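Structure first, then comments.
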Amino acid sequence: MKMLKVSALVFAFLLGAVSCTTQEETKTAAEIKQILIKESIAQYPGSCPCPYNVDRAGRRCGKRSAYSRPDGASPLCYASDLSDDMVKGY
């Protein structure tokens with residue numbers, strides 16, 4: 001009987017650990033994406049890497065951003081810009 005209780009406790013612990021790990025991995029992937037986006041923006045030399053940034057005069061960059069120009073630099077601005085391989089590579 002004691003062995004059955006111990007087995008049940010071990011199973012419950014492992015089940016809890018698996019569910020926590022899954023939630024942490026999702027959160028961690030989102031955090032990694034935000035880190036990669038911030039690093040990419042920091043490497044851009046100008047003031048308008050992404051459409052949601054503002055220029056030196058305080059105006060939203062929008063279509064003037066490097067991200068929006070077809071021949072401009074390619075900063076990472078959104079989580080959708082990052083692949084799973086990029087997250088794993090971090």
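All residue numbers refer to positions in the sequence shown, counting from 1. None of the values given here were measured: they were computed from a predicted structure.
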Step-by-step disulfide (SG to SG under 2.5 Å) determination, Cys77 to Cys50: CA-CA 6 Å; Cys77 294; Cys50 299; 1.9 Å; yes

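- In terms of heavy atoms, Pro75 sits closest to Ser40 at CA-OG, 3.4 Å.
- Proximity of Glu31 to Tyr90: side-chain heavy atoms (C-beta onward) are nowhere separated by under 4.5 Å.
- Atom CG of Leu76 sits about 13.0 Å away from atom CD1 of Ile35, to the nearest 0.5 Å.
- The line from NZ of Lys33 to CE of Met86 is 10.0 Å long, rounded to the nearest 0.5 Å.
- Contact of the Leu82 side chain with the Ile37 side chain is registered, since non-hydrogen atoms from C-beta on lie closer than 4.5 Å.
- Every residue was checked against the side chain to side chain donor-acceptor pair (under 3.5 Å) condition with Arg60, not counting sequence neighbours, and none meets it.
- The shortest side-chain heavy-atom distance between Cys61 and Pro51 does not fall under the 4.5 Å cut-off.
- Pairs of residues two or more places apart, or lying in two chains, that qualify as ring pair (Phe, Tyr, Trp, His ring centres under 6.0 Å) and include a residue from residues 46-71 are Tyr52-Tyr78, Tyr67-Tyr78.
- Between Ser47 and Asp55 the shortest side-chain heavy-atom distance falls below 4.5 Å.
- Distance alone, capped at 3.5 Å, is enough to place a donor-acceptor pair between the Arg69 side chain and the Arg64 backbone.
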